[in-house]
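This structure is a prediction, so every number in the text was calculated from the model and none was measured. Positions are given from 1 along the sequence.
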Amino acid sequence: MVWCAVRSFHIPAVDMGALRTRAPLAAVAGFSSVAGSTFFRSLASSKPSSRFACSAISTDARIKEAVHTDKAPAALGPYSQAIKVDNFVHVSGCLGLIPEVLKNMGEILKASGASYSSVVETTILLADWNDFKKINEIYAKYLPSPAPARSIFQIAALPLDAKIETGCIAAL
């Protein structure tokens, strides 16, 4: 919890060279120890669920919901086909075991209440960079304009000798 609280503050960098010429180092050390002790005292006295809660690492079942459909291949391991959280659905990587891998992603999107037009970001993993042009052609047929943000990488290998894996994030 303390890590989340500290990461929540925006603390600008201090130019120590300029500081040394303007004030004694003892004053800086004194201030930081007073500020630090005040900060950590306030953390210790506050209720555990108060000010500095981090929902980003929460495992509360009310916050996230698994999505499953029989119209797409089941997960190959201990993960969900997709997770709905807040106003987004995060679709796990769909392996390209069939030529039109984006159909599987579309079925998962549909099961979650989203569609291709609500996709805001995709990640594509390619086993062979020579497939880049072909992927762009297929991608353009499924994902309408404005095209979502995209990251694409060539990697050494994919599970089950697949040629492509693609996942996405869509708005609900």
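The distance from the SG atom of Cys168 to the CG atom of Leu109 is 4.5 Å, given to the nearest 0.5 Å. If you take CD1 on Ile135 and OG1 on Thr166, they are separated by 8.5 Å, rounding to the nearest 0.5 Å. Between the SG atom in Cys94 and the CD1 atom in Ile124 there is a gap of 11.5 Å [rounded to 0.5 Å]. Atom OG1 of Thr69 is separated from atom NZ of Lys110 by 8.0 Å, given to the nearest 0.5 angstrom. Atom CG of Asn87 is separated from atom OG of Ser118 by 11.5 Å, given to the nearest 0.5 angstrom. Expressed to the nearest 0.5 Å, how far CG of Leu95 lies from CG of Leu158 amounts to 6.5 Å.
Contact detail for Lys103 and Tyr116: the closest heavy-atom pair is CA-OH, 3.6 Å. Here the shortest heavy-atom pairing between Ser112 and Leu172 reads O-CD2, 3.6 Å. Considering all non-hydrogen atoms of both residues, Glu165 and Gly93 come closest at OE2-CA, 3.3 Å. Heavy-atom minimum distance, Ala127 versus Ala162: CB-O, 3.8 Å. Nearest approach of His68 to Gln81, heavy atoms of both residues: CA-OE1, 3.0 Å. Here the shortest heavy-atom pairing between Tyr139 and Pro148 reads OH-CG, 3.5 Å.
A distance-only check finds a donor-acceptor pair linking the side chain of Ser92 to the backbone of Ser80 [under 3.5 Å]. A donor-acceptor pair is defined here as one N or O able to donate and one able to accept, closer than 3.5 Å; no such pair exists between the side chain of Asp86 and the backbone of Phe88.
Ile138 and Phe132 fall within the same hydrophobic cluster, defined by Ile, Leu, Val, Met, Phe, Trp and Tyr side-chain heavy atoms under 4.5 Å apart, directly or through other members. Linking Ile, Leu, Val, Met, Phe, Trp and Tyr whenever their side-chain heavy atoms come within less than 4.5 Å puts Val101 and Tyr142 in one cluster. Note: the hydrophobic cluster containing Val120 does not contain Val89 (ILVMFWY, side chain heavy atoms under 4.5 Å, direct or indirect links). Follow the hydrophobic side-chain contacts under 4.5 Å out from Tyr79 and you reach Leu160 in the same cluster. Residues Val91 and Ile152 share a hydrophobic cluster, clusters being chains of Ile/Leu/Val/Met/Phe/Trp/Tyr side chains in contact below 4.5 Å.
The neighbour count for Asp128 CG, taken as heavy atoms of other residues, nucleotides or ligands under 6.0 Å away, is above 12.
Listed by chain and residue number, Asn104 satisfy the side-chain contact (heavy atoms from CB on, under 4.5 Å) test with Pro73 (two or more places apart in sequence, or in another chain).
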